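Everything on this sheet refers to the single structure shown next.
Each chain gets a letter, A, B and so on, in the order the sequences are listed, and its residues count up from 1. Remember, predicted model here, so these are calculated numbers, not experimental data. As a basis for the values below, the full set of heavy atoms in this structure was taken, side chains included, without hydrogen atoms, waters or symmetry mates.
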Number of protein chains: 2
Amino acid sequence: MARPHAPRGQGRARVIDAALELFAEHGVSGTSLQMIADHLGVTKAAVYYQFHAKEDIVLAVVESAFDEMRGTIADAEAAASADDATGVALAGLVDLIIGHRQVMASVSRDPELGRILESHEAFNSLTSRLGELLLGPVPDTRRRVAASVIGGLAHAAADPLLADIDDAVLREQLLHLGTLLLSSGSPTRTKATS
Amino acid sequence: MARPHAPRGQGRARVIDAALELFAEHGVSGTSLQMIADHLGVTKAAVYYQFHAKEDIVLAVVESAFDEMRGTIADAEAAASADDATGVALAGLVDLIIGHRQVMASVSRDPELGRILESHEAFNSLTSRLGELLLGPVPDTRRRVAASVIGGLAHAAADPLLADIDDAVLREQLLHLGTLLLSSGSPTRTKATS
DNA sequence: GTCTATAAAGGGATAGAC
DNA sequence: GTCTATCCCTTTATAGAC
């Protein structure tokens, strides 16, 4: 292809870093190519030299996090029991959230980012596999709600109010809360829910 | 002051309903006035007749939910003990989330919406008071993280995957999970945190 | 109260100079 | 590899006809 490779590829990496930061702060829809260019001190055309479309930037921003997620999910799916699988998936997800705070927060919150990812089958497959791992073999209502709240962990990790908490401590807290959510016994006297 | 539906006439209410739906689906930045107008089958100018600027629509969309939140917070602050205050605040927040799923999800996720609200002192005061109620008098790290994850409850309530769960059941589940998050005892049995 | 028309600005994207 | 200049489209917002 005519696409130039990225030798010491600083160009592409710099665009990705700037985009990541701006996407997290303004959302994908709220971030223009002009903003990215300004943030780097270059022109829009310089950005277009590295990426031919905004969507390509979006995909590049999430790529490394999703590569890691692929590995985690494969590990979890190879676990001996369903409970082990859930545990591995949760721990992997928390690690992912800690290691890619801004990306994971954007993925879980940004509607436009979600729509772009949904249009790529590889991402759909990953998220549905992760969903199945967290839900377990017999997803009842309680578990389904809990799994959905797990998405809130990414939100918390990117919360500016928690920016002072260091990674190891936050990781431990999120893992604790995630485990709690997934293992909470009987809520109250719940009736059958259809 | 009933506005479940605005069959005809009430132009403002119809705009607010359409905007609410589109904001939840595309985010504020991803929703143009043209999309709102198209959704209503009218022209942009008809929308501008009702609201002079996009920001006015945003504020109108969140207004009723925040009115309710004001009442809840006042109730909670009048509670006898700090624990009671937290309980009342959490229950009120869950009710708010159930009664205004789309608004609360947008408030907790949308960066542009957050920026608009932050520029209005009345909203800042409300959210910081709610934060203090959820954190309690002595906010340690565990409690701070948990309070942040509470924001994930709104996310779950608007999750399309949970759309089949009826309000009463979802309310019960969210209240249970929220209580669990705020009361989780010893975070770590594994190792000391630094 | 709703329309057409339009202004003014900004956004995505491309061509081509250097 | 980065720039200038430009195209085309969309967006916000206003003026004024009906």
Side-chain angles (χ1 to χ4, degrees), chain A residues 1-62 106 110-117 119-120, chain B residues 3 5-61 106 110-113 115-117 119:
Chain A
M1 298 299 186
R3 183 183 62 113
H5 52 32
R8 287 160 302 285
Q10 289 206 327
R12 282 180 77 91
R14 275 166 48 82
V15 170
I16 290 172
D17 285 348
L20 169 56
E21 188 177 328
L22 291 166
F23 288 166
E25 187 178 348
H26 301 280
V28 171
S29 291
T31 302
S32 68
L33 296 186
Q34 186 68 62
M35 289 165 73
I36 296 174
D38 288 350
H39 194 87
L40 293 171
V42 301
T43 62
K44 274 194 295 181
V47 175
Y48 269 106
Y49 173 77
Q50 305 287 355
F51 297 94
H52 297 158
K54 189 180 180 181
E55 179 167 329
D56 294 340
I57 302 178
V58 171
L59 292 174
V61 162
V62 300
S106 294
D110 196 301
E112 176 66 12
L113 181 47
R115 210 164 291 111
I116 291 174
L117 294 183
S119 71
H120 292 256
Chain B
R3 61 195 92 129
H5 295 283
R8 56 158 215 293
Q10 295 306 336
R12 281 180 72 94
R14 293 187 67 228
V15 170
I16 290 172
D17 285 347
L20 168 56
E21 190 177 326
L22 291 166
F23 288 167
E25 187 177 347
H26 302 280
V28 171
S29 292
T31 301
S32 68
L33 295 185
Q34 185 69 62
M35 290 165 73
I36 296 174
D38 289 350
H39 195 87
L40 293 171
V42 301
T43 61
K44 273 190 303 180
V47 176
Y48 270 107
Y49 174 77
Q50 306 287 353
F51 296 93
H52 299 320
K54 191 180 181 181
E55 179 167 328
D56 294 340
I57 301 177
V58 172
L59 292 174
V61 162
S106 294
D110 195 302
E112 176 64 12
L113 182 45
R115 210 163 293 110
I116 291 174
L117 294 184
S119 71

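Atom C1' of nucleotide D:dT2 and atom CZ of A:Arg14 are separated by 12 Å, given to the nearest angstrom. Distance CG (B:Leu40) to C1' (C:dC3): 15 Å, rounded to an integer number of Å. Residue B:Ile36 contributes atom CD1, which lies 15 Å from atom C1' of D:dT10 at whole-angstrom precision.
A search for side-chain hydrogen bond (donor to acceptor under 3.5 Å, both in side chains) contacts involving B:Glu21 returns nothing, not counting sequence neighbours. Scored by the side-chain hydrogen bond (donor to acceptor under 3.5 Å, both in side chains) test, B:His39 finds no partners at all (sequence neighbours excluded).
The NZ atom of A:Lys54 sits 6.0 Å away from the OG1 atom of A:Thr31 when rounded to the nearest 0.5 Å. Atom NZ of B:Lys44 sits about 10.0 Å away from atom CG of B:Asp38, to the nearest 0.5 Å. Rounded to the nearest 0.5 Å, atoms NE2 (B:His26) and CZ (A:Arg115) are 5.0 Å apart.
At the phosphate of C:dT2, OP1 or OP2 sits under 4.0 Å from a side-chain N or O atom of B:Gln50. Using a 4.0 Å cut-off, no side-chain N or O of A:Thr43 falls inside it from OP1 or OP2 of D:dT2. Dashed line: the shortest gap from a side-chain N or O of A:Tyr49 to OP1 or OP2 of D:dT2 is not under 4.0 Å.
Across all non-hydrogen atoms, the minimal contact from B:Ile16 to B:Ala60 is CD1-CB, 3.7 Å.
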Could you write nucleotides 12-18 of chain D as a row of B, S and -, 5' to 3', where a protein heavy atom under 4.0 Å of any base atom gives B, of only sugar-phosphate atoms gives S, and otherwise -?
BBB----
